[in-house]
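One structure is given here, and the rest of the page talks about it.
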Amino acid sequence: METSTLLERLNDAQRRAVSAAADQHLLVLAGAGSGKTRVLTHRMAWLCQQHHLSPYSLLAVTFTNKAAAEMRSRLGELLQMPVSGLWVGTFHGLAHRLLRLHWQEAGLPQNFQIIDSDDQLRLAKRIVKELGLDDKRWPPKQAVWFINARKEEGRRAAHLEAHGNPIEQGWIRIYLAYEAACQRGGQVDFAELLLRVVELLRDNDSLREHYQNRFSHLLVDEFQDSNELQYAWLRLLTGEHGTLFAVGDDDQSIYGWRGAKVANLLNFEQDLKGSEVIRLEQNYRSTALILKAANALISNNDNRLGKELWTAGEEGEPLTLYTAYDERDEARFVCQQVQNWVDNGGRRDEMAVLYRSNAQSRIFEEALISAVIPYRVYGGLRFFERAEIKDSLAYLRLLNNPHDDISFERAVNHPPRGIGVRTVEQIRLQAQQGQVSLWEATEQLLAAKTLKGRAASALAGFLTLMEQINTHCNGLDLGAQVEQVVEGSGLKIHFEKDRSDKGRARVENLQELVGAAGSFQGDAHAEMSPLDAFLAHAALEAGETQGGEWEDCLQLMTLHSAKGLEFPVVFMVGIEEGLFPHQRTLEEPKQLEEERRLCYVGITRARQQLYLCHAENRRLYGRELYPQPSRFLEELPAECLQELRPRLNVRRPVYRSAASNQAAAPTPRGRGQGVGKRVRHSKFGEGVVTDTEGQGDHARVQVNFATAGSKWLVLSYAKLEYL
DNA sequence: ATCGTCATAATTTTT
DNA sequence: TTATGACGAT
């Protein structure tokens, strides 16, 4: 491809980023919808074509498999070459690849396996128990959090100091035992993948120099989401002579709560000498009014590098603000708008409902089912996380390495074969005493005839079964091996007994697993057996949330999972104080700012139409709430908004376009006028009118007071002040 | 081993 | 409200 064509379809800022000097560190502040993937891939192509660099001297890293796949395919188009061996992937995927190449130097067994968060939690549970610690004081979930957080700081258990704090001491003991268990079983968790590589590069001079020389250019996507460890990784690879090209957006940093350090981005200029910052502010996605709202909202945050999105496109329709009576009314409203869009020739999959927390999806699902609108909910268990799949994988891993205790525990009684917790506990004890694996402990117990009849024969049966499967698998290809496991383990027969939908789905999933293994094409790099490659693939790419065809479905997801996506029509729902911003973020200004960025992310998902909804009345955790509209709504310029149903308690002037009058206001069902009004009573304080009855002097209103609860009051006596 | 009962807690999630 | 986990009973 000619150079000219590479720069041709870029705007000025994009072109400056792509064609910057080859040794220039760059931070590209890429606003939402400003074409960052395009800049990233074009930069890579530019370096190859203009500076005659080999594509193999570039390393490009992202966070998700999806983003990595996107980058690969677009790069392939630009370079017109197969892209399979290139160093383009996720942090974890690339770290894994390095560890497979240098397992020895990294102190790992060659057949090391990746464990996912579910395995990790199981292991933590076992360890807390084995150490005899109280799981009330040291909940395994928190132990996992502790371990991961320390690893992300680059700290090993041996480096930690309890400072006489017994709780801390407990965490450290757990971490220590956890490390030992993983090392013994050849297991590596997600954080460990990164930490091992950082340690490897840090401590092994020749290896570090090798890779620093090899990768002249490092490129990162979604830089604002990187954590300490990931940043250390990048800096080690960059070294003195490498060049870092980071793309990110501080305004879209929404993962601070899980360790992402925006500081990595904010300090870029200081950290990398002679670096430059380029802003991509032209937006190719949304209408001008949507961008205006987004800009106004985010300007309420401090500590940002600053950026203002603009478009050469149309002004577009105003944002629609809908004040629902309650959460069911909110859902009904969305259904109605979806129906309208479809009736006018639109597709359902052009629309998305975005909410703050997963619990909100239920009410929408109910409404959508009764309105017969097909929908798809994001989130939930992915393919390789399903129990029946994890069971099958446990057998495969155990065949690979009998000393894999995590897999042993899982496989030994799945499907149930009469090996109960009692028996397993005995095995654990034996293993602990002899410092051997569960498999060895089982052999010892059987040889010593310590176990009684039933348990002993069941266990012996299990060992024989594993040997049988092993023999049968010999020489088979991957697909046939997996089939052998699914059948031989008894898992298939076990789930076939379950005649319910759930059981049938599980059997189908097992079938699909066999199919997936059969057609699996592992990457040719890093000499791994097909089975190892498949197991790594299963751990690193958990697969789709839901299999099957999802044609033309309304999309339901959290605001977090919407990042990176776009839709012609977006509904943001539940925009209320306490829900969004969430209750738990109200105290810390930092957290509140992250909520605001989340709102910014939501707004900027919309291409043409954005609906903002909130309810006056919401049932949450079995309690009736009367939430205030979110502060974020008030931060939007009035001239961007139209209220579809003018609220009775207008708290500020709201610009109303001609369009707002055409839509009929849905009436709160069968309730009197005034319902929803906010009132103040001299004695009971503030509340909301929830019902009315009667006329004239006898008229009564039901008011739910914030502090005094719900009361019926006679209007002519109560002297209510309307707010 | 499976089922029922009780307590408890209840953002956000990728690898 | 509801979902999950722990615990005890069949």
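Order of the sequence lines sets the chain letters (A, B, ...), proteins ahead of strands, with each chain counted from 1.
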- prompt: Given B:dT15, is OP1 or OP2 found less than 4.0 Å from the side-chain N or O atoms of A:N227?
  reply: no
query: What is the nucleic acid contact for A:N65, judged by heavy atoms within less than 4.0 Å: base, sugar-phosphate only, or nothing?
result: sugar-phosphate
task: Grab the CG-C1' distance between A:L592 and B:dT11 for me, whole Å please.
output: 14 Å
message: If you go through the side-chain atoms of A:R619, does one of them form a donor-acceptor pair with the base of C:dT1 closer than 3.5 Å?
response: no
- prompt: Could you give the CG-to-C1' distance, from A:D225 to B:dT15, as a whole number of Å?
  reply: 13 Å
statement: All heavy atoms of A:A352 vs all of A:L554, minimum pair found to be N-CD1, 4.2 Å
- request: Hey, can you tell me if A:F580 and A:F632 have their rings parallel, tilted or perpendicular (30° and 60° cut-offs)?
  value: perpendicular
field: Mutual orientation of the aromatic rings belonging to A:Y355 and A:F364 [parallel < 30°, tilted 30-60°, perpendicular > 60°]
entry: parallel
query: Roughly, in whole Å, what's the span from CG in A:L620 to P in B:dT11?
result: 9 Å
statement: Contact string for nucleotides 3-10 of chain C, one letter per nucleotide 5' to 3', B = base within protein heavy-atom range under 4.0 Å, S = sugar-phosphate only, - = neither, reads --------
- prompt: Can you check the A:E594 CD to B:dT13 C1' distance for me, whole Å?
  reply: 12 Å
- prompt: Taking the P atom of each, how far is B:dT12 from C:dG5, in whole Å?
  reply: 15 Å
- prompt: Is the CZ atom of A:R454 crowded by more than 12 outside heavy atoms at less than 6.0 Å?
  reply: no
- request: Measure from the side-chain heavy atoms of A:S561 and tell me the nearest of B:dT15, B:dT12, B:dT13.
  value: B:dT13
message: Applying a 4.0 Å non-hydrogen cut-off, can you work out what A:Q230 is touching in the nucleic acid: base, sugar-phosphate, or nothing?
response: nothing
task: Send over the distance from A:E327 CD to C:dT2 C1', rounded to a whole Å.
output: 14 Å
message: Is it true that A:H102 and A:Y211 share a donor-acceptor pair across their side chains at a distance under 3.5 Å?
response: yes
query: Of the nucleotides B:dT13, B:dT11, B:dT14, which one has an atom closest to the side chain of A:T64?
result: B:dT14
query: For A:R417 and B:dA1, what is the distance between atoms CZ and C1' respectively, to the nearest whole Å?
result: 14 Å
message: Under 4.0 Å, counting only non-hydrogen atoms across every strand here, what does A:N358 touch: a base, just sugar-phosphate, or nothing?
response: sugar-phosphate
- prompt: Toward the 5' end of DNA chain B, which comes first, A:E595 or A:E541, by nearest nucleotide?
  reply: A:E595
query: Is a donor-acceptor contact shorter than 3.5 angstrom present between the side chain of A:S117 and the base of B:dT15?
result: yes
message: Among A:T558, A:T604, A:D225, A:L598, which residue satisfies the side-chain contact (heavy atoms from CB on, under 4.5 Å) criterion with A:K563?
response: A:D225
statement: Result for 5'-nearest mapping on DNA chain B, choosing between A:Y621 and A:G418, is A:G418
message: Under 4.0 Å between a side-chain nitrogen and a carboxylate oxygen: does that hold for A:R122 and A:D118?
response: yes
task: For nucleotides C:dA3 and B:dT14, find the distance between their C1' atoms and express it as a whole number of Å.
output: 24 Å
Short side-chain N/O contact to B:dT13 OP1/OP2 from A:T558, under 4.0 Å: yes
- prompt: Taking DNA chain B as the partner, which of residues 248-258 of chain A come within under 4.0 angstrom of it by heavy atom?
  reply: A:Y255, A:W257, A:R258
message: Test your reading of the model: is there a side-chain donor-acceptor pair from A:N264 to the backbone of A:S226, 3.5 Å cut-off?
response: yes
Rounded distance (nearest 0.5 Å) linking atom SG of A:C182 with atom CD of A:E192: 7.0 Å
task: Specify the separation, in whole Å, of atom CG of A:L354 and atom C1' of B:dT12.
output: 13 Å
- request: Answer yes when A:R362 and A:E365 have at least one side-chain N-carboxylate O distance shorter than 4.0 Å, and no when they do not.
  value: no
task: Return the value, rounded to whole Å, for the distance between atom CH2 of A:W145 and atom P of B:dT14.
output: 20 Å
message: Which label fits A:Y255 and A:W257: parallel for a plane angle under 30°, tilted from 30 to 60°, or perpendicular past 60°?
response: tilted
field: Centroid under 5.5 Å and tilt under 30°, A:H582 to B:dT11
entry: yes
